[in-house]
Every structure is written in structure tokens, then in C-alpha cells.
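Quick notes on the structure that follows.
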Amino acid sequence: MNGDGSKQRYVSTFRIQIKPPRASSAPENGPGTIDTAVKCTDTGSLSLSSCKRLDPPVFIEPLQDCSVDEGSDITLCGVLKGSQPIKVSWLHNGEVARFGKHSFDGRDASFVVTECLPEDAGAYTCLAENSAGKTSCCAAVFVRDFETICGMHSHVSKIPTSASKSITENGMSPQSPKDERQEFRRSLCTSDTGSDKQSPALHFENPPQHLEVKVGQTARVTCFFTGSPPVVSCWIRNKEQLRTENTDRSSTLVIAETKPQHTGSYTIAVRDRKSSAQHTLTLSVIERPQPPASSPVISRVSASSLVLSWSGPCYDGGSAVLGYVIEAKKQGHAEPGEWSELTSQCKSTSYRVSSGLQPHKEYRFRVRAYNTVGASEPGPVSPVVRMEQKGEEASQAYNSVTIDSSHKVTDHYNLQEKLGMGKFGLVFKLTHKETGRVCAGKFYKGRRAKEREAARKEIELMNYLHHPKLVQCLAAYDHKPEMVMVMEFIAGGELFERIVDDSFEHTEPASVRYMQQILQGIDYMHQQNILHLDLKPENIVCVDTTGTSIKIIDFGLASRLDGNTPLKVMHGTPEFVAPEVINYEPVCLATDMWSIGVICYILLSGESPFQGNSDAETLALVTAAQWEFDEDSFDEITDEAKNFISSLLNKDTRRRMSCEEALAHPWMAAFDSGDLAATKCLSKEKMKRFLARQKWKKAGKAMLALKRMFPGLTWLYNPEAEHALQSLEQKMQGPPQFTQSLEDQTVAQGSSVRLSCHLTGYPDPEVVWLCGEEPVVESSTVQIEYEEDGHCTLVIAKVGTVDTNVYTCRATNDHGETFCSANLTVQQ
């Protein structure tokens, strides 16, 4: 685009950026990062731009896998080439190696661990980086551990005299000098060349992999093996030998009364004349879960129904929680009733009670959690709630929110579990300290001025969105650097996730009802001249877990139209964004209608009309408005529905239906008149595949982000290592550190000053600037900048002698705090 906003004659270039936080987790409300430079020619085609990197580090001799005995030295070597200087660091199992000695002379990189222990085994990664790029190389190290395999008979061949004399009658070996232990280990690895070649090789016969027992029961597990007698064996846990029952053919581990602390890995080691073998199994000791951590919070009370929400148990008993039992008790002046079960099939931490309650009566509620072992004790009891009288409807009160700068959110709300993460920050569950109302808190990062401005804009816009189909803002707090928006807590989950549930009926009439509600909410927004600009399935959620009412959420990208200034945006999700956004043309109310058409297409078919093999291909299909009705998917869909979609997915914004026209469309009229009542259920299989693909896209973007940092850690991305992926965020944790500190400056009066430093750490540190001992406040002459790459800058314009002082940048996260300071001297 030219500086005046007009198009270039031949090619225009823009960048769609939907950036996630620096964490490798996918955001709650979007598929993640699209950072695709796209060139749009006058023919509508797109291509990805690329950047050439020169002389990055390369391993010309990679690390080699190795196997060593416990007590020996581990030595790993690799040879690098590339532009100097090259920075080299080492990881052990994905974490910084804080042991061993490493060296690098510009070419040869080595890492040495002396007198290694069994826990030193694992994956070692050498990371190399220079100004041109990064690379890495990984090697696996296996440590043979025979320290505890000491149940040997005196006639086992080739055991040194000094070792054989130390073996006691019960097979246990006392502590021996280091040289004897090493000689003993070597003897165990030495085969007897004079033994019978026809004797069977030592091996396990179908050994068990896992044993699960209930707490208090006896754990008994037997491993059978075949070898050349005599065969000796022992069981080991945490390098301690356990009490067992042994024969030449088997070994049995017995734990008479199991406790939760017995859960873990157990290894059996066996040895005959010729060889040795070992096998590890896991023992799980399970029990009933603990009770739910909080009492049920009650909301949406009517004459005969209400919604309960609670927190799950702190400990699941070693076995996943399968569901919850909800119980109610009638209150009154007479003798209270007994606790009665309302349901035992609740699978989430919220439930709509729609039967068994009487108008104008009082009740209390409690919840039990259950797993495969059984149900927990009851959790805390709820306060007494009085049902509404018949005919009463709980009206929703709307109020305009003013940002509270004198309190923290925790002054009024209790902070509970994390609900999700997005590009803006984190979402936590909250409960109001006085009323007990469950809410959701959207915590913005708020360090940079543009982040704080975006948060204020979203809060201000939501004061214009008071409609039952739009999620409501209840309160807002600005306690620098933190900004929090308190919203309604919506318990039902995403609409599309709800539809694919086996117990939920998916029909065309039901789809009409959903689309009708979406249009009602967006119509209200459009009456206020506000565009949502991020409509997609993730932002359509169910009010509760049983009904069909929905709400629209996430107004972080919403904007108000100004009749005097055209609005152009460069954000959105490729599958749902309108052509005018990609072409960087002015957006209008019809821009949201395109996204509604895509949602309706997927809702009825389970397929995305513009899904390409890459983001660039998807954007190209959207730009060309190339789509069609798949015959198989739309075979049983009515013509009215197809016409509805066609009237929305029109490249010409002037020909797209408005919300008002869409609500009056014959498809809606057919629903209202009941003509579609006999429509049969729609298939959910394609919808399930669509949702699975969306989840993989989110996970894939998180993995790609980590691969860019550590391209050699391929073992982290093996589908079989899913638990490793889930712990990536934990592996990145670390306290803040300054890689570049502030420097003293002497400047002339009236000039501008930039005090800069660079930070690392995860989670992203919160930054506060101090002038002397007082916090620095932003103004027209003082600006604080915090870039995503960790650069922190304090800019002071037109300094005077009063600005002479010590300036400090203080950084804090969950793992620690650090600061650096510099003197600023202003001369007259």
C-alpha cells in the first residue's frame, strides 16, 4: 500500500498476524499464530515471502549415541561450522544441563560427565546459535546400573575373591570399597565362555507392564523368566532392594497393604551364568477422589431451575475423575428433608438443575466426585437458595462498567483455576467474595501502551453491547501493570463441541435456531455500528450444558465504524475472514456477514468451504471466493438453507444479506412455521473431523514455535510423547534475567533520553520502572515501551535537571525478581 492508503498499481503486500503469547500453548480463542507474508497481485493470487539466512551453524560431525557403565565417564563430542561467534549450550532431557563440563573452541563442542549415575541417562542436546540462525543435535545416553544387583550365589563364575567373600548368607552385599564395586560390576557384564551353548538365553516371559490396585489392598506381581540355572533376581525401587519371593523361574513382589506413596516404577533385575536382563513396570495405587474443593455456586435461578458451578477435587485419587453426583436438600421451618440425588451423570464442573425443584421453596446443594474406585465424601454445602415463584423470570440487569483504578480484582473476587490462554493474556475463574457469583476474569498483559489501549477499547465497547446473546462485562480493574475485565461465566462450552456429543441431537431446525441467535446478537452490534471482526466457532458458546441458548464472546478485535474514516484491518482467522480484509480494503457491516455464512456452511456440513492445504492457499480461495456445495454433505440440506449461505458468501459486499434481511430469510420463516420439524438428524462425523483438525492446527502452531527455538528436539514432537508436549510450558519456566543492563548516561538539558535493557524469563516478567524510589508514571513526556523480544525502554523527552536521578528497571515473575539501575545526569 502507498503511504496515503491507496493501492499500488501492480502488487500490494500486507501481513496477517494473529500472534499467540510467547508461551508454546495455543490460545483459548483462536487457532494460534498466522505470521504469513502474503503478496496479493491484481489477479488475486498469493505467495509466501521468504528470508535467506547466511552461514548458520551446522553440525558437520553430529553427536553419537553411547552406552556406559555407572561410575564411568560420559563424553559427547560434535564438530560445528558456521559464522563466528557461535554460542553453544547443552540440554539434558529438554532442560538446561546444570552439571557436567562443556567446552567449545569455535569448532569442537564437547560435554563430559564424570562418574555418571543412572539418572544421568537420557537425551542430551547441543544447541548452537549465531546471528544467522540456530541448530541443534541430539544423542541418547544409556547408563547400565548394576549397583543394586547384588543377590549373587558364591558359585557364579568370574566373581573376584574380594567380592565373593563379601556376599552374605541372605544374598545382600554390604558396602564395599569403590574399586571392588567397579570390579564387581565388570564381572556381571562378563559372559562365561565355558558354559553350555545349548542352555536357553535369559529372557522374560510376557512380563506385566502395569498393575493397578486399590489403596489398602495387597499388591502382588510375578515376573517369569527363562535362563540357565542358577538364576538370581531382585526387585529395585529408588535404588533400594525390596522384599520378594524368588525361584529359578520367577520373582514375586508383594506389598501387603498398599498406600498412595507406593505408586511408581519398579524394576526387576535377573542374572544367570551368561547374561543379565531387567524389566520395569509401573504400580498405581488408586483411591476415591477427594471431595470437590468448593461449595456449589448458584446462578440463573428461575421458578424450577438453576445452574450450579463448583471446583473439582484437589486430588483425583490416582485415577481420573469420571463425573460428579449432585445432591439437594429441601430447607424450611419444619424438619428439613434428607439429601436426595439429582443426578450421577454430570461430567463437568457445572450443571443445570431443571427438575425436582419446586417454586418458592428453599434448597441447599452439595457435590461428590467419583472415579473407578468410588465416590468421594460430599464437598462443602452451598448457601440456601430460594426458588422464584411461578411466572417470575429472572431479568438480566445491565450496567455500564467504569474501570476501577483504586482496587485490585482480588479485593473483590477470589481467584480460582485457569480457564484458558489467548494472545491477550490469561483467563481465570473468579468468585465474588460477597455474592459467590462465578465469573471469568480476562487478565491482560498490560505492560505495553498498545496492550493497555486495546484492553481499554474492548472494555469501552462492551458498554454498548448489552444484549442477552452477547457475553457481558461485569467489572474492570486497572492496577498497573495488570488490567482485568470481569465477564459472565458461560458454563456450556463451545457450540460445535456440544453438537458432536453423542447424546445431543443435531438437526437442520436446531441449526436454524443457532443461526437465529447469532444473527440477533450481531444485529444488535451492527445497530451500534460495531463490528465483531472475529466470528468463528470458538467464539459461539452454549449458556449451559443442557439447553440450546448460545452467546457470542471475545470482542478483542471488535471496532466501531466511523462514517468519516474508512476502517481497514489486518487481522482475522483465514478460514473465516472476508475477502475485503485480505485485500486490505475498507470493512463494513457485511464483513461479519461473510463469517456468519462460513459458520453456517460448517454447521450444516461439518466441512469448511475455504479450507486449503496451507494458510496461503486458504487465503487465496477466500480472495477468489471459490467455493461450492459438496454433494455428499449437502444432499439432505434444504434449498432454503443453501440459498441462505449463498446470499452471505458473496464477494460483493453490497450483495450480501444484512442481519435484518437474514433474520427475515425464508429459511428462518420455514423454521418458525414448523415446516422443518420432520427433518432427520445430520451426520456428525465430518464435524468431528473438522474439530479434530482445528485442535491439531492449534497444537501444530505451538510445536512449530518451539521448533523455531530448538529445531533439533525432534523427540519432543513424537505423537507417542504427548505427555512431553503437555509439559512444554513447565519446561520453559525460569526467573527473569537481564541479558543487557542499563547504562549510565550524561545528557544536556532539553534533550531526549532512552534508557534500554533486555530481559528473559518465563512467564513473561512484569516490569516496573522506578525514579529513585518512586514508580515512573507515563505522561506526554514519559513513555514506557516493552517489546515482545524482551527489550524494555524508558523514553524521557526534554529532560531537565530535576530528572537527574537513579533509574531502576525491576522485573518480576512467579520464579523470582531482579533489577538493574543506571545514573542519569542532566547537565545545564
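Since the structure is predicted, the reported quantities are computational estimates derived from the model, not experimental observations.
The pair K536-D554 fails the salt-bridge criterion, with no side-chain N (NZ, NE, NH1 or NH2) lying under 4.0 Å from an Asp/Glu carboxylate O. For the pair R754 and E785, the salt-bridge criterion is met [side-chain N within less than 4.0 Å of a carboxylate O].
Between the side chain of T226 and the backbone N or O of H203, no donor-acceptor pair lies under 3.5 Å. At least one donor-acceptor pair closer than 3.5 Å links the side chain of T263 to the backbone N or O of V285. Here the side chain of D65 pairs a donor or acceptor atom with the backbone of A140 at under 3.5 angstrom. Under the 3.5 Å distance criterion, the side-chain polar atoms of D108 are left unmatched by any main-chain donor or acceptor of V79. Using a distance-only test at 3.5 Å, with no hydrogens or angles considered, a donor-acceptor pair links the side chain of D73 to the main chain of E115. Counting only distance, with no hydrogens or angles, the side chain of N130 and the backbone of S83 share a donor-acceptor pair below 3.5 Å.
Rounded to the nearest 0.5 Å, atoms OG1 (T114) and CG (D120) are 9.0 Å apart. Interatomic distance, F104 CZ to C126 SG, rounded to the nearest 0.5 Å: 8.0 Å. Atom CG of L759 sits about 10.5 Å away from atom CD of Q740, to the nearest 0.5 Å. Interatomic distance, OG1 of T818 versus CD of Q737, reported as 8.0 Å (0.5 Å rounding). Rounded to the nearest 0.5 angstrom, E743 CD and C757 SG are separated by 10.5 Å.
Note on ring orientation: taking the six-membered ring where Trp is involved, the planes of H92 and F99 are perpendicular (angle over 60°, cut-offs 30° and 60°).
Atom CZ of F59 has more than 12 heavy atoms from other residues, nucleotides or ligands within 6.0 Å.
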* Is there a side chain to side chain contact (heavy atoms under 4.5 Å, CB included) between L824 and V806 once you walk through the steps? -> CA-CA 6 Å; L824 173 63; V806 176; over 6 Å; no
* **CA sep, side-chain torsions, deciding dist, call: T280, T267, side-chain hydrogen bond (donor to acceptor under 3.5 Å, both in side chains)** => CA-CA 4 Å; T280 300; T267 299; 2.8 Å; yes
* Asked: Between I74 and F111, does a side chain to side chain contact (heavy atoms under 4.5 Å, CB included) hold up when you go through it step by step?
  -> CA-CA 8 Å; I74 299 173; F111 187 85; 5.9 Å; no
* Asked: For E575 and S608, what are the C-alpha separation, side-chain angles and deciding distance, and is it a side-chain hydrogen bond (donor to acceptor under 3.5 Å, both in side chains)?
  -> CA-CA 7 Å; E575 288 180 71; S608 177; 2.7 Å; yes
* Asked: Passes ring pair (Phe, Tyr, Trp, His ring centres under 6.0 Å), W235 versus Y266? Steps please.
  -> CA-CA 7 Å; W235 286 82; Y266 293 77; 7.3 Å; no
* Could you please spell out the steps behind the side-chain hydrogen bond (donor to acceptor under 3.5 Å, both in side chains) verdict for S103 and S110? => CA-CA 5 Å; S103 62; S110 64; 2.7 Å; yes
* Test side chain to side chain contact (heavy atoms under 4.5 Å, CB included) on F819 and L770 and set out the steps. => CA-CA 10 Å; F819 65 89; L770 303 174; over 6 Å; no
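The side-chain heavy atoms of Q209 and T282, taken from C-beta on, include no pair separated by under 4.5 Å. Under the 4.5 Å side-chain criterion, counting only non-hydrogen atoms from C-beta, V232 is not in contact with V270. Counting only heavy atoms from C-beta outward, the side chains of L91 and V96 approach each other to under 4.5 Å. Side-chain contact between W90 and V88 is present, with at least one heavy-atom pair separated by less than 4.5 Å. Side chains of N813 and E766 form no contact here, defined as non-hydrogen atoms less than 4.5 Å apart.
T75 and C77 get closest at one heavy-atom pair: CG2-SG, 3.9 Å.
In this structure, a donor-acceptor pair under 3.5 Å is absent between the side chains of T760 and T739.
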